[in-house]
Amino acid sequence: MSRVVEIPASFDDRSFEQFAASFAAGPVTDRMIFDARPAQWASPFGLAGMLTAGQAVHEAGGPKPGFTVPAAEEVRRYWARTGFFHHAGDLFEIHGKLPRVKPDERSEVLLEVTPVRASEDVHGVVGRIQEGAARILAGKLGFKGEAIMGFAMALSEACQNIVEHAGTGGWVAVHAYDFRRRLGRWVVVIAVSDAGIGFRRSLEATQARRFGDRWSDATALETAVTHHTSRFRDPGRGQGIAGIRHYLNRWKGKLSIRSGTARIAVVPPWDEDIPMTEHLAPFPGAQVQIVIPAEETGGK
Amino acid sequence: MMHHIQVERVLRETLQTPYRDLVTRPTGRAVRCSIQTAIAGGQATLTCLDFSSVGLVDFSCADEVVAKLLIDPPEGTFVLLQGLTDEQLVAIEYVLDRQALAALVRDIDTGRAWPVGRVGADLQTAFAHLLRVGPSTAAALAEHLGWGAAHTEDVLEGLARLRLIRSDDGCYATPLVA
């Protein structure tokens, strides 16, 4: 009998914990079925997270999990437009009918779910964002040239985190949303997720001794995000997350990173997230989310 | 004598791809190695890295290409950056400042040159005066600026350590002077 992994009806970085707990309820090599029938909506963080879970099962040598598609047709169509099913087909046995969708240039999907395994993939992602998404970033979000370049830099650094530290591949997706209820503006959301070794293992060899018994997923995240420490001794390393923070500070953006059993957030004035959360359900690798609000006068 | 290097061309030839963006550490390392080889093969004392036609420069690549080149510059060579957009300059200044480095930047259109990175106000002032008056001794510059002799010498040695000016037998000059 298969273990059911429940997909939240509204799947974003907050409800991700419900999904992670369900996924972690048994061994990763269990026979599993991901039940997305009740799903009404998923953020890029949710979509990349599901693929990461599938990737973790695959890399652990577990049986290919089943995946029951959302019952609502418009949700299936949206997920198809994000490129999710294209990659999910390699990692899951899909149960249910998938719609055929054409690319929609007016879509709020700025970057479809895209695999990131090597440096060339980062070049591809950065190129596509600058060519394809610049119009939406300028129009819906009111971003000027400088902000678009900064956005592409943050995206590049977040993707490189996979290439440099994860030890395996991962996924990136970028969508724009109307955050009217929470913020009264449009936002653009970057989600980057991998099934790799996570921050604690990446930094363990160089940092764990300093912390002794206190060494954990939370201290590893704090070391990387607050102190910009890298596992490399080179003084120029650690620029990636530092650079992302530098950009987000300028544009009042939000950064959150979940790794293992902890989550850290760099919280802007418009949000009320908790800076550090510990003792979460374990989840493979690292999940990064960057949220950048539209210019106050530019968002439409 | 100045050696002119088009960074976009180096990027294209090194990676054998049509990319215009300087992103990722492996790309940065490859481009820096090509630049170092080109500098080592020339006789010039000043190398101009021209970023015209380069797209995005991310923080990691700014570190690999510019900061690491300045940490370990080819013997006897000064480096000048030009053709930078404001966004590229932000990334480069950021990585230089974090590592207490500095670089000389020139605006292609106006010809104005100035140091960026970890360069304090006195170093900026001394550099600007040297640029205006030409090669000078510490004593002459001290008189010109109304500074103490020891302080002026400290400032000029600081600029020389950052490889923003050259120091030769007590005479200081910007590398832009032939």
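All chains are named by letter (A, B, ...) in the order of the sequence lines, taking the proteins before the strands, and each is independently numbered beginning at 1. Everything numeric in this text was worked out from a predicted model, so none of it was measured.
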Proximity of residues 2-21 of chain B to chain A, residues having a non-hydrogen atom under 4.5 angstrom = B:Leu15, B:Tyr19, B:Asp21
Flag, side chain of A:Glu157 to backbone of B:Asp58, donor-acceptor distance under 3.5 Å = no
Select all residues of residues 27-34 of chain B having any heavy atom within less than 4.5 Å of some heavy atom of chain A, and report them by number, or 'none'.
-> B:Thr27, B:Arg29
Heavy atoms, side chains only, cut-off 4.5 Å: are A:Ile148 and B:Glu87 in contact?
-> no
Non-hydrogen atoms of chain B under 4.5 Å away: do they reach the side chain of A:Ala242, the backbone, both or neither?
-> both
Taking only residues two or more places apart in sequence or in another chain, which ones pass ring pair (Phe, Tyr, Trp, His ring centres under 6.0 Å) with A:His227?
-> none
Within a reach of under 6.0 Å around CZ of A:Arg201, are more than 12 heavy atoms found that belong to other residues, nucleotides or ligands?
-> no
Quick one: ring pair (Phe, Tyr, Trp, His ring centres under 6.0 Å) partners of B:Phe59, sequence neighbours excluded?
-> B:Tyr94
Would a 4.5 Å heavy-atom cut-off, applied to side chains only, mark A:Val126 and B:Leu56 as touching?
-> yes
Under 3.5 Å donor-acceptor, A:Gln160 side chain and B:Arg25 backbone | yes
Sort B:Val57 into side chain, backbone, both or neither according to what part of it lies under 4.5 angstrom from a heavy atom of chain A.
-> backbone
Between A:Met153, A:Glu120, A:His246, A:His123, which residue shows the highest count of heavy-atom pairs closer than 4.5 Å to chain B?
-> A:His123
